> 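Before I ask anything, let me first share the structure, which is written out below as structure tokens.
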Amino acid sequence: MPDNATAPAAVGPDAADSAALRVELRDLYEEIGDLLDDDRVEALPDYFTDDCLYKVISRENHDQGLPAGTIFCDGIGMLRDRILAIRETQVYEPRSWRHFISGVRVVAVEGDTITARANFLVTEAMSDAEPTLFMVGRYLDRLVRRDGRLRFRERLAVCDNHHVRRSLVMPL
Amino acid sequence: MPDNATAPAAVGPDAADSAALRVELRDLYEEIGDLLDDDRVEALPDYFTDDCLYKVISRENHDQGLPAGTIFCDGIGMLRDRILAIRETQVYEPRSWRHFISGVRVVAVEGDTITARANFLVTEAMSDAEPTLFMVGRYLDRLVRRDGRLRFRERLAVCDNHHVRRSLVMPL
Amino acid sequence: MPDNATAPAAVGPDAADSAALRVELRDLYEEIGDLLDDDRVEALPDYFTDDCLYKVISRENHDQGLPAGTIFCDGIGMLRDRILAIRETQVYEPRSWRHFISGVRVVAVEGDTITARANFLVTEAMSDAEPTLFMVGRYLDRLVRRDGRLRFRERLAVCDNHHVRRSLVMPL
Amino acid sequence: MGKTLAAETATRTWPAEGWTRVPFWVYTDPALFDREMERFFYGPSWNYVALDCEVPEPGSYKRSWIGQRQVLVVRHADGDIGVLENRCAHRGARVCWQNKGRVDSFTCPYHQWNFALDGKLQGIPLKRGALGKGGMPADFDTSQHAMKALRVHNEGGAIFATFDAGAPSFADYCGPAMHGYVRRLFGGRALKLLGYNRQLIPSNWKMYIENLKDPYHATLLHSFLITFGLWRADTQSESIPTEGGRHGIMISRNVGKKESDATAEIKRFKSKLELIDTDSVTPMREFDDGKVIGLSLFPSVVLHQQANTLGMRHIIPKSVDSFELAWTYYGYVDEDPALTRLRLRHTNLYGPSGFVAMEDGEVLVECQQGASGYGHRQAVLEMGGRDTEPQDHMVTEVLIRAFYKWYREEMQL
Amino acid sequence: MGKTLAAETATRTWPAEGWTRVPFWVYTDPALFDREMERFFYGPSWNYVALDCEVPEPGSYKRSWIGQRQVLVVRHADGDIGVLENRCAHRGARVCWQNKGRVDSFTCPYHQWNFALDGKLQGIPLKRGALGKGGMPADFDTSQHAMKALRVHNEGGAIFATFDAGAPSFADYCGPAMHGYVRRLFGGRALKLLGYNRQLIPSNWKMYIENLKDPYHATLLHSFLITFGLWRADTQSESIPTEGGRHGIMISRNVGKKESDATAEIKRFKSKLELIDTDSVTPMREFDDGKVIGLSLFPSVVLHQQANTLGMRHIIPKSVDSFELAWTYYGYVDEDPALTRLRLRHTNLYGPSGFVAMEDGEVLVECQQGASGYGHRQAVLEMGGRDTEPQDHMVTEVLIRAFYKWYREEMQL
Amino acid sequence: MGKTLAAETATRTWPAEGWTRVPFWVYTDPALFDREMERFFYGPSWNYVALDCEVPEPGSYKRSWIGQRQVLVVRHADGDIGVLENRCAHRGARVCWQNKGRVDSFTCPYHQWNFALDGKLQGIPLKRGALGKGGMPADFDTSQHAMKALRVHNEGGAIFATFDAGAPSFADYCGPAMHGYVRRLFGGRALKLLGYNRQLIPSNWKMYIENLKDPYHATLLHSFLITFGLWRADTQSESIPTEGGRHGIMISRNVGKKESDATAEIKRFKSKLELIDTDSVTPMREFDDGKVIGLSLFPSVVLHQQANTLGMRHIIPKSVDSFELAWTYYGYVDEDPALTRLRLRHTNLYGPSGFVAMEDGEVLVECQQGASGYGHRQAVLEMGGRDTEPQDHMVTEVLIRAFYKWYREEMQL
Ligand code: FES
Ligand code: FES
Ligand code: FES
Ligand SMILES: [Fe+3]
Ligand SMILES: [Fe+3]
Ligand SMILES: [Fe+3]
């Protein structure tokens, strides 16, 4: 089943998919990957609108239309709270992540809303082990422009993983 | 041994490798990766010329100059037939793929033929398991412009994999 | 701990991070990945200044400020000597590598020095086995422009790998 | 990898102190793991497999697990739910290759033998051969070649199954206390499926059993729970082993954020921590008794009700040193949408990124790693005394002691 | 992972029905797997290792496998082909690190001992020491320290080897029927190498042996074969176990697309399916007898001739639950290029993406998964009756029955 | 994976030739590996764990390994160094989750039991319960529940530990020859840490032990060493087994690039090879005796001094067919910065990319692969004769012979 409701028709060489927008999105996606890899997750909420929905969700839940997620942030408050909770309350073994983003695509531009998607591959390395292929999937996003910058109104990180190995400490 | 016959001389900062063409190719490669990830393989033949050669081939066969491939489509008919056969005849366990493309390069432009290559990494996730590093290798391509669009006259997906784990269900 | 000394302040949408420079760097990074994948390591030193520092170093050493590396080339002579030694003296089982680069970023531009970084993921395939996730990490680079081309004055390939599986035959 | 059985059985002597000690080889010996599968998961136990709302219509099915055996949970035409071994009566291929779906009957892909929803063999292609040759013997009795069906119990929408014809009734297996608490959650209201989370935790499955019999850790480790008063030592609580230690019941209350004498001893209480979105830690009152509950229904499931989240935690052992933990979140069809919304928000406590569950996953792995190479050492279980009687507080390891008392008998160790 | 041998041997009793049943522990027990390697692959069997066209010149070599042992197939100066253990007579390092190549002699990288193409030790550096000190003892007898050579048989270009000096001749090992069919393909025409395909299939290797002794599945599972008449139940066919069940011969004919009584019972026949490029399913007539053939030459190879593709399917067990399947496609040097072109196009039937072979890989994995946790269950083999005599059709499992009859004797089960 | 113990013990007979042969099953039998861990790493051996400069301040700690057991190396308040099992005395969680750090005391994350730097249990939260209920029994004796401490020996900054109270003194364990050479490197000068390299080598750990008792390979395999005269057969050398073969000492000299009679026999000598940056192969004279040295201090470390690089090679077995090799490079605090600079440059000889060590890693893997499937074959050790006495040259395998003589006795094989 193709991802993103409006996808099939709009995909392909299409006016909506302007080269400039694609470049802007690629830069944005990599910027976010970079801040997550660089342990600056506090900067993440700045890329979201106040009424955002941010979810990490398995393909299993997503394909069945089930609402629960692995990370479920309904509004920027919950997103900021999560980051606070990670920093202030959580006990976990130290590890490093690296994001690899490929295939950033504009799916549709409707009114002020840009629908976009991209593949992600995130490696995880415990401090005493080799990196592993950790989470792989697809960002399904809706963005709007606020104060001249693109912000996510909705970001779903839909993971191919049937299960998470051990823990998913940080947002994807 | 360097890949692509004409490669060594033409590689490097070269007039042939115009920035615009490289951007166009990157978009094209990612577009194809996207349609394969999105279960729209029916759209694949549209990117090929009628007299195309499409092969998925191991590095083992390719380096020894052996003609047999893992997927061998000699003409667009065979490519369309393969997709029909996958859809209409084949029994396989459901799974998801994600393409990650890096290092798209123009190797040469000779007459109307563009020689290009890129690295691919494809993950595969069974519906009840984690994604795995599935196929890794290099596209070795020859493209021509038809009706204003680039099409593949030849696409070789040369896989570093000595063997395929279980089955290769879809074209790469 | 964020990477690159000057990073935190300069990161983000910043005048320093000009779109054109980022494009140039992406091309450069992929060009180097390509030549390494294509068994043309002899071309690598041409991308470095004479007084370069090139190191492959574990995150463990790097984070503790320990100077030893896995590959330690202090000056272009040592880099050229290493390539000569690989070619002329070393016994190792044949294998293939593929570089995947993501998230190329300009961290700072100060005087003639560009500070940049990017994620790398390198797969390795023995000639009789499947590719594996081999080395993953981040390039931390300082470049200068010489004769119109960007060259590395310093390149650190900082690896998340706690250990190297078997051997690291080639520079990253 | 542990040692081979041959190398280790000689040294399999339980410490003289008895159930206040646990030797670490119980977490690392592959032969012991095999015995656990046989005696518990494939023996006279009732194993959780699904909620009925996951297979809503006749022909709806879901693949599930009992230990290392995959099973199919199927809704029959009459609305009843059956459980089948997911393997063909012919040559053993998995019949069903999808996690969920809806069918009229099952057809095995290999030779297309066809089975009814209850497993009965109803079709064999070319049974009479072709061109007058071949086919099955005339006396082949299809009634002897059904997909194997398990005994099933549906407790208000929670589906359990057993491989053992001699297992007691579900009610007797639970015992009255556990059964009562199960019925408190599954009392007959129609269930609504909210979604799944799945983790692969590289530790022995019994470490998870212990974790859910260990209220003491929760009030010390889980900063988020403690700080927002969702689980705290200075709250009215109970720790009740049942059926000789097989099952365990933990009870407490959500009391909100506040300081007390106890918080002084609990370093991970964070008085300064304030959330922006306080809904996340402010449950709507739902059960009249005011309790929050964790039920360890041996061997395969933990049922939780915490804040407004309701969940089944399905324990699926994969090897001596890993298990899958499959979370199913649910609500009730007839509930207030505002409650459903809170249930979803409160799922942030659980799963691989849960503010509570992530820490459990992390410590379990560290316990397994701590066991590795150190099978000759012993854990100490003396918090809350040395006996195995129910206690009316949470500063205790009584549930774990009772469990290992029972485990030793069952495993003949 | 299966249980340890110690835990399982007690329960290793073959079902009373005998060869119409196969207990699933034969696919999951690592100790049984080890015994299979010893008795079959390293015992008095002839194992396929290569085609002679893969090592065309004197000094050409190729690495190959017999079970879990790597060997070198080498062309000697006189044109004959030898097979060596790929390990140094000194301290056991693999001598040859490349899959294929050409050399004058072999030099081990570790201490550079040098061996002739036939394995003879012909050079030891510093054999007499340095500065007058060290080196090998004066009485060190190099003739006792060659790389070990295997017995080799070259059947018209197909190379077989055995570790066992007591093995019968290749012809006797095959028996007359199998030998005849092998010679039908390898009758003396020079071979042309077309390429390889390799799969790692996570199932027990015997499941592949069974798959190629199971013509019944082919007419039901393989929609592509059935639809285009490449293999169908309503075609003149034979199923011939030979040498007491060790080997098996399957014979049928390519008949093209058509409907019949049988297709009504074969759901996967797709009457509406039309190809654009019909060459792919339209073989050129090549063998006078009109047959297409699958030969299961135990334990290590299946030889196929189907449409215009010719292939060797080398079975390389890796563990109790995985094997490599290495396909080598070939033709004849003196053949029509149009035939070669068709051979290449028809390879789309085989390998990990083959329209036929992909489905086999898929079902084999599902069979192995179905066996996991269910070692106590049994497969049923009654299609085509209960005996083990040759049959002149394909609606039968006689080849598998005969195989397990023979297997039980050899394995003393 | 090797066979199970039950299947193999019957065939575990050492070749009649004795210590000039090594059967390949010593590298592939998991049960033998377990026995090695018990007898050597956890028995009366002194195991290298760290350098004192890695834990510079009171409270500084580092995680290390002895065999498959993780330990903590800790600097106490008095400056002494202790070694603890990194596991909680309560329920066995790893107490310390970071590779290195500095703390005042250790707090286990699970239930926050608190331990002093020497392991003493000094805090149990809610020890007296909460709301007057629960807590530890009144007679619970915290002095019996410390983190376990090992015996420790600090030899001039090199830290060794043993699990065995009955082990001899470190000096006696080394014996005078080895002890003297250890003190040559660790004679009291303060150490400076230069960094680490870590490899996971998929071979049995004893193959690395052998590699470092095999001066013969170095003069043949390592083209870089040979060419630049860092290790050559035609140099004054010694090969000294000590303590009955347990340890081994290799001695030679850096002599620079030159041709000789011997280089004619050493094919990998490359007379034409010239470097641009000759510093890399031009050591500064550092030790008065002019020697370069490799010390194999069984079972866990090799100490090297080659060119100007000094390193500890910590051997950490992971399974029967893999080990981690952890390199620690060091210098002396009071040394010339120009020497430190050369040390760093000369590290290019070692680690996973080292011009010498990379080749060792490669051949070791090939030896393990050569052993796989061929456990019944034997290595031959006759270079330099058949006895086990010290020799004054490097064209010999005497160190390996002596080792296996000793190994057989210890392992009762
Ligand atoms: S295995 Fe299911 S029909 Fe044959
Ligand atoms: S192992 Fe081959 S020469 Fe020594
Ligand atoms: S396990 Fe360490 S405090 Fe409980
Ligand atoms: Fe918990
Ligand atoms: Fe088939
Ligand atoms: Fe060496």
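First the proteins, then the strands, lettered A, B, ... as listed; each starts at 1. In this text the structure is predicted, and so the values were computed from the model without any measurement. Note that these values count all heavy atoms, side chains included, but never hydrogens, waters or copies made by symmetry.
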> Calculate, to the nearest 0.5 Å, the distance between atoms CE and NE2 belonging to E:Met383 and D:His90 respectively.
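With rounding to 0.5 Å, CE (E:Met383) is 6.5 Å from NE2 (D:His90).
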> With a 4.5 angstrom heavy-atom cut-off, which part of D:Ala138 approaches chain E: side chain, backbone, both or neither?
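Contact with chain E involves no heavy atom of D:Ala138 at all.
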> Would you call E:Glu210 and D:Arg91 a salt bridge, using N to O less than 4.0 angstrom?
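Yes, charged N to carboxylate O under 4.0 Å.
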> In Å and rounded to the nearest 0.5 Å, what is the CG to CG distance from E:Asp234 to D:Leu126?
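E:Asp234 CG to D:Leu126 CG: 9.0 Å, rounded to 0.5 Å.
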> Counting only heavy atoms closer than 4.5 Å, note whether D:Trp113 contacts chain E via side chain, backbone, both or neither.
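Interface part for D:Trp113: side chain.
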> Where does D:Arg87 contact chain E at under 4.5 Å (heavy atoms): side chain, backbone, both or neither?
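Side chain only.
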> Hey, is NZ on D:Lys318 packed in by over 12 heavy atoms from elsewhere, all under 6.0 Å?
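Atom NZ in D:Lys318 is crowded, with more than 12 foreign heavy atoms closer than 6.0 Å.
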> Rounded to the nearest 0.5 Å, how far does CG of D:Leu131 lie from CD of E:Gln236?
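So the CD of E:Gln236 and the CG of D:Leu131 are separated by 10.0 Å.
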> Contact part of D:Gln70 toward chain E, heavy-atom cut-off under 4.5 Å: side chain, backbone, both or neither?
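Only the backbone of D:Gln70 comes within 4.5 Å of chain E.
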> Measuring heavy-atom distances to chain D, does E:Ser260 have an atom under 4.5 Å in its side chain, in its backbone, in both, or in neither?
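Neither part.
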> Would you mind telling me which of D:Lys127, D:Met37, D:His145 has the largest number of heavy-atom pairs within less than 4.5 Å of chain E?
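Of the candidates given, the most pairs with chain E belong to D:His145.
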> Can you confirm whether E:Asp289 is buried at CG, in the sense that more than 12 heavy atoms of other residues, nucleotides or ligands lie under 6.0 Å from that atom?
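Yes - once you tally the heavy atoms of other residues, nucleotides and ligands closer than 6.0 Å, there are more than 12.
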> Find out whether E:Arg377 and D:Lys148 are in side-chain contact, i.e. whether some heavy atom of one side chain is under 4.5 Å from a heavy atom of the other.
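With C-beta onward as the side chain, the pair touches.
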> How are the rings of D:His111 and E:Tyr216 set relative to one another: parallel (under 30°), tilted (30 to 60°) or perpendicular (over 60°)?
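Taking E:Tyr216 first and then D:His111, their aromatic rings lie parallel (interplane angle under 30°).
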> Suppose a student defines contact as a heavy atom less than 4.5 Å from any heavy atom of chain D. Which residues in residues 353-364 of chain E would they list?
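From residues 353-364 of chain E, the residues near chain D are E:Glu362, E:Val363, E:Leu364.
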> In Å and rounded to the nearest 0.5 Å, what is the CD to CE distance from E:Glu382 to D:Met136?
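Here the interatomic distance stands at 5.5 Å.
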> Can you tell me which of D:Gly67, D:Pro137, D:Ser319 forms the most heavy-atom pairs within a distance under 4.5 Å of chain E?
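Top count of heavy-atom pairs under 4.5 Å with chain E: D:Pro137.
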> If you measure from OH on D:Tyr110 to CG on E:Leu220, what distance do you get to the nearest 0.5 Å?
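Rounded to the nearest 0.5 Å, the OH-CG separation comes out at 11.0 Å.
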> If I take atom CD from residue E:Glu366 and atom SG from residue D:Cys108, how far apart are they, to the nearest 0.5 angstrom?
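The distance works out to 9.0 Å.
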> Tabulate, in ascending numerical order, the residues of residues 385-397 of chain E having at least one heavy atom closer than 4.5 Å to a heavy atom of chain D, or enter 'none'.
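The residues closer than 4.5 Å to chain D, in numerical order, are E:Gly385, E:Arg386, E:Asp392, E:His393, E:Val395, E:Glu397.
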> Counting heavy-atom pairs closer than 4.5 Å to chain D, which one of E:Leu381, E:Ile400, E:Asp214 comes out on top?
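Among the listed options, the one with the most contacts to chain D is E:Asp214.
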> Just so I understand: if I count every heavy-atom pair under 4.5 Å between each of E:His222, E:Met207, E:Glu265 and chain D, which residue has the most?
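Of the options given, most contacts go to E:Glu265.
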> Name the member of D:Gly92, D:Ala93, D:Gly135 that forms the most heavy-atom pairs with chain E at distances under 4.5 Å.
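Ranked by contacts with chain E, first place is D:Gly135.
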